[in-house]
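Written out below as structure tokens is the structure these notes cover.
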Amino acid sequence: RKEVEQDPGPFNVPEGATVAFNCTYSNSASQSFFWYRQDCRKEPKLLMSVYSSGNEDGRFTAQLNRASQYISLLIRDSKLSDSATYLCVVNVKDSSYKLIFGSGTRLLVRP
Amino acid sequence: SAVISQKPSRDICQRGTSLTIQCQVDSQVTMMFWYRQQPGQSLTLIATANQGSEATYESGFVIDKFPISRPNLTFSTLTVSNMSPEDSSIYLCSVDWAGNEQFFGPGTRLTVL
């Protein structure tokens, strides 16, 4: 089983749609959670951190369920510029700090 | 935030040769990381580059194949040794910022023939 699992997509949605991505992680010792965005042929960039209380940044809402080891990202009012791959990322602190990346969910927003 | 540059941005190499990738950060950082992203896949951590000590390698990666240097708090190199076509990938360095967020360099796209 992968440490971080995501639906690979692609999600093909019209502009203005609401789309939700899900992610599960296997290590219950995971401490921090993130969503990164990666555009084609570019490096990943942090979209937002995910907190237990849930957090919102404009059109983006992230939620964490530690009991179910589940993370979600909701994008409202999708824009063409939202087209990218969204990476679910987990910080596992054992003997050192390291990030474990999911395989990514690809989003295509069409006009 | 941190600004990270990598050299080269891309290269095409013959099998059996080695390539050294440089990563430069615009400020001093404690932890630097090297990742590999194979075509169509997500990122896999190769090693953590520690200043003043040997790098810490993840399972499946060894120092002989991927030697790393970290001479100071703003610079690191990753060498891909004795390359084969299976090493064709994007190699990215990243830095830990404020103990929580990682910033990535633009990546080095390597093709091995």
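Letters go in sequence order (proteins before strands), and every chain restarts at 1. These figures come from a predicted structure and were not determined experimentally.
- At a heavy-atom cut-off of under 4.5 Å, chain A is reached by B:Y35, B:Q37, B:S42 from residues 35-42 of chain B, listed in order of number.
- Heavy-atom distances place the side chain of A:Q38, and not its backbone, under 4.5 Å from chain B.
- With no hydrogens or angles considered, a side-chain donor-acceptor pair links A:N12 and A:R110 at under 3.5 Å.
- Residues in residues 18-55 of chain A take part in these disulfide bond (SG atoms under 2.5 Å apart) pairs, two or more places apart or across chains: A:C23-A:C88.
- B:F66 pairs by the ring-ring contact (aromatic ring centres under 6.0 Å, His included) definition with B:F61, not counting sequence neighbours.
- Salt bridge status for A:E43 with A:R37: absent, with no side-chain N to carboxylate O gap under 4.0 Å.
- B:F104 and A:F101 have perpendicular rings, their planes meeting at more than 60° on a 0 to 90° scale where under 30° would count as parallel.
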With a 3.5 Å cut-off and sequence neighbours excluded, list the donor-acceptor pairs that the side chains of residues 8-25 of chain B form with protein atoms.
residue	atom	partner	partner atom	Å
B:T17	OG1	B:Q14	O	2.6
B:S18	OG	B:N82	N	3.3
B:T20	OG1	B:T79	OG1	2.8
B:Q24	NE2	B:T74	O	3.2
B:Q24	NE2	B:T74	OG1	3.3

Verdict with reasoning, B:F33 to B:Q102, per side-chain contact (heavy atoms from CB on, under 4.5 Å): CA-CA 9 Å; B:F33 306 88; B:Q102 285 192 17; 3.4 Å; yes
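- Both the backbone and the side chain of B:L43 come within contact range of chain A, judged by heavy atoms closer than 4.5 Å.
- Both the backbone and the side chain of A:R41 come within contact range of chain B, each with at least one heavy atom under 4.5 Å from a heavy atom of that chain.
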